[in-house]
2 protein chains.
Amino acid sequence: MRSYGQYCSLARALDVIGDRWTLLIVRELAARGPSRYTDLRHGLPGIATNMLADRLREMEENDIVRREEAPPPIATTLFSLTERGEELTPVLFALGRWGVALMDERGDDEWRGYWLKYPLEQLFADAAPGEPPVTLELRTGDGPVVVETVDGAVRVHSGSAEQPDAVLTGDPEDVIELLKGSIDVRAARRRGVQVEGDAKAVARVRPRI
Amino acid sequence: MRSYGQYCSLARALDVIGDRWTLLIVRELAARGPSRYTDLRHGLPGIATNMLADRLREMEENDIVRREEAPPPIATTLFSLTERGEELTPVLFALGRWGVALMDERGDDEWRGYWLKYPLEQLFADAAPGEPPVTLELRTGDGPVVVETVDGAVRVHSGSAEQPDAVLTGDPEDVIELLKGSIDVRAARRRGVQVEGDAKAVARVRPRI
DNA sequence: CCGGATCCGGGTTGATACTG
DNA sequence: CAGTATCAACCCGGATCCGG
C-alpha cells in the first residue's frame, strides 16, 4: 500500500494493515492458530491466490506473520502470527464489535463455523456460572465447533465434542439467534434447527448483559 | 468497496470502513468536530478532491457522516459524524495504539498539531493530579494546540491559550519526546525546542504508567 | 474561495491457468 | 501443497475545470 505520509499513529497503522484482505488474514491466524497456505485460502473465500501470497510476504516483512517450514513428518509451511501480530487482537475486537450492527441478513455470504470464536468468547458468557460446566457442539455448515463454559466464560474451538450436552444443527443465522436468546428452542426448531440433547444447556451460553 | 461476502462482523465492518482514506476522515471529524470540505482537505494531505467527495458520499449512505447546510451567516456545508460514526472511536483508539510502535522517524511526513488530541488524551495523564491545573500551548508547525490538565486527565483542543503556564515551540518529534519524558528540558532546548514559562508545568503532562 | 465534477494514466485487485 | 504468470477490471491519484 502506498503510504499516507502522515506523522500520525493511525495513519502509520493503516500504512501497514490497511490493505485489502490483511486484517482478514490476521483473523484467520488468530482464530485458528498456525495455518497452512491452503487452509488460509479456504478461510478466505474469494481471495485470489496471488493476493494471498503477496499479502503474506508483505506481512512477513512487516513483522506481523512468521513463516515456518515444519519438519517431517508434517513437512509443510506454516504461517502464524508474530507477537506484534497478536497485538492486533484489540483492533479485531473493536472492528468486529462495530460490525455486529451490520449483521442483518445472511444473504449468500460465505460462512465458516470457527468465525464464531471471538464473537462468542468476547460477547457471551455462562448464564449460570455456579452450575457444572456444559459443552455444546454447533454444526452450521462446514466443520463443527465446540462451545464450552469455563469459569463463567465461553471458550470456542474447532472440532467435535466427545460427550456434548447438546448439539445444534442448522443455519448459522438461526443458531446464533437461538444462542442470543432472541428466539427460543421451539421457534428455532420451527426454522429448521435441530436441537439434540439438553435444551437447558443451550440456555447457559448467553450474551453478556 | 467490493464486499468480502462473508457472514462475519469483522468482514462486514471492513466492507464499510475498509476503503482507503475512510478512517482518516473519521479521525478528522472526531478530532475537530463538524468540518468544512476545505478543512477536511487540509487535514488529509495527499487526498484527491474527487476521492474526498466520493468517500463523504459513501459515508453518508452508510450512516457514518451527516451533511448539514449551515444557515447564514455561516452559509457553508458542514460534515460531522453521526452517532454510528462516533462509535468508531474504539476502532481509532485500537489502531492508533498499535501504530505508536511505528512512529520511529518523522521523515518528511505531514503533520497537524491537533492530531495529538487522542494520543495525548488517551495515553497521557496529569503527573500531579492534586496540584492546581496547568495549561500548555504547543506550537509545532501549523496551528497551535492547547493542552490542559483536568481532573487528573489531559484535554487537548486547537487554538491558543490566554495565560498558558508554558509554551513549547519546535518540531513535533522533539516536543513529543519532551512530553513523554524521554528527554529533559535541557536536551529538548539543545534540539531547538523553545520552552517559555514554567518548565515544571511541562512535567505535569506525562504518559500513564 | 467553496464544494465539488470530469478526465485520464497508472497502480492494485480479481479470475483463471499453470507449475515445481 | 504452495505458490507464479497472465491479463482484464476496477480503484486511486493528479490535474484541470466549473458553477455559486
Side-chain angles (χ1 to χ4, degrees), chain A residues 1-6 11 14-25 28-29 32 34-62 65-80 108-110, chain B residues 1-6 11 14-25 28-29 32 34-62 65-80 108-110:
Chain A
M1 160 175 281
R2 196 190 156 96
S3 168
Y4 286 108
Q6 301 183 0
L14 292 173
D15 283 346
V16 173
I17 52 79
D19 268 317
R20 194 162 164 75
W21 293 107
T22 302
L23 279 180
L24 294 187
I25 295 172
E28 288 299 306
L29 294 172
R32 311 195 10 165
S35 307
R36 295 177 304 174
Y37 187 88
T38 306
D39 296 330
L40 290 175
R41 268 181 65 169
H42 176 253
L44 297 165
I47 197 172
T49 171
N50 58 346
M51 183 80 349
L52 178 55
D54 285 355
R55 287 290 175 272
L56 287 170
R57 189 170 22 246
E58 294 161 8
M59 293 167 79
E60 208 182 340
E61 287 166 9
N62 289 323
V65 158
R66 182 175 27 235
R67 174 192 313 249
E68 287 166 292
E69 305 295 331
I74 308 182
T76 186
T77 313
L78 284 181
F79 297 90
S80 57
D108 51 2
D109 277 1
E110 296 278 352
Chain B
M1 162 174 279
R2 196 190 157 95
S3 167
Y4 285 109
Q6 301 184 0
L14 291 173
D15 283 345
V16 173
I17 52 80
D19 268 316
R20 193 160 164 77
W21 292 108
T22 302
L23 279 180
L24 294 186
I25 294 172
E28 288 298 304
L29 293 172
R32 312 197 6 167
S35 308
R36 295 178 303 173
Y37 187 89
T38 308
D39 295 330
L40 290 174
R41 267 181 66 170
H42 176 254
L44 298 165
I47 197 172
T49 170
N50 58 345
M51 184 81 348
L52 179 54
D54 286 355
R55 288 292 175 269
L56 287 170
R57 188 172 331 107
E58 294 162 7
M59 293 167 80
E60 209 182 338
E61 287 165 7
N62 289 324
V65 158
R66 182 173 29 233
R67 174 191 315 247
E68 287 168 292
E69 305 295 332
I74 307 180
T76 186
T77 314
L78 283 181
F79 297 91
S80 58
D108 50 3
D109 278 1
E110 295 279 352

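Chain letters run A, B, ... following the sequence lines, proteins first and then strands; every chain starts at 1. Fair warning: this is a prediction, and the values are worked out from it, not measured in the lab. Side chains are part of it too, since the values below use all heavy atoms of this structure and drop only hydrogens, waters and symmetry mates.
- We find that CE of B:Met59 is positioned 14 Å from P of C:dG4, with the value rounded to whole Å.
- Rounding to whole angstrom units, CZ of residue B:Arg41 and C1' of D:dA15 are separated by 11 Å.
- B:Leu44 places its CG atom 14 Å from the P atom of C:dG3, with the value rounded to the nearest Å.
- Rounded to a whole Å, the CG atom of B:Leu24 is 15 Å from the C1' atom of D:dC12.
- Scored by the salt bridge (Lys or Arg N to Asp or Glu O under 4.0 Å) test, A:Glu68 finds no partners at all (sequence neighbours excluded).
- If you take CG of A:Leu78 and P of D:dG3, they are 11 Å apart, rounded to a whole angstrom.
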Nucleotide-resolved protein contact map, nucleotides 6-20 of chain C, B/S/- at heavy-atom distance under 4.0 Å: BB-----SBBBB---
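- Here the CG-CD distance, from B:Leu40 to B:Glu28, works out to 6.5 Å after rounding to the nearest 0.5 Å.
- Rounded to an integer number of Å, the gap from B:Glu69 CD to D:dG20 P is 15 Å.
- Straight-line distance from the CG atom of B:Leu56 to the P atom of C:dG3: 11 Å, rounded to whole Å.
- Put simply, CZ on B:Arg20 and CD1 on B:Ile25 are 11.5 Å apart, with the number rounded to the nearest 0.5 Å.
- Remark: A:Arg41 CZ to A:Leu52 CG distance equals 8.0 Å, nearest 0.5 Å.
- For B:Thr38 and C:dC1, the shortest distance from a side-chain N or O to OP1 or OP2 is not below 4.0 Å.
- Between D:dG3 and A:Arg67, a contact under 4.0 Å exists linking OP1 or OP2 to a side-chain N or O.
- Counting heavy atoms from C-beta outward, A:Arg55 and A:Ile47 have side chains that stay 4.5 Å or more apart.
- In this pair, A:Tyr4 and B:Trp21 present their aromatic rings perpendicular. The plane angle is above 60°, beyond the 30 to 60° band.
- In this structure, OH of A:Tyr37 is placed 5 Å from C1' of D:dG3, rounded to the nearest angstrom.
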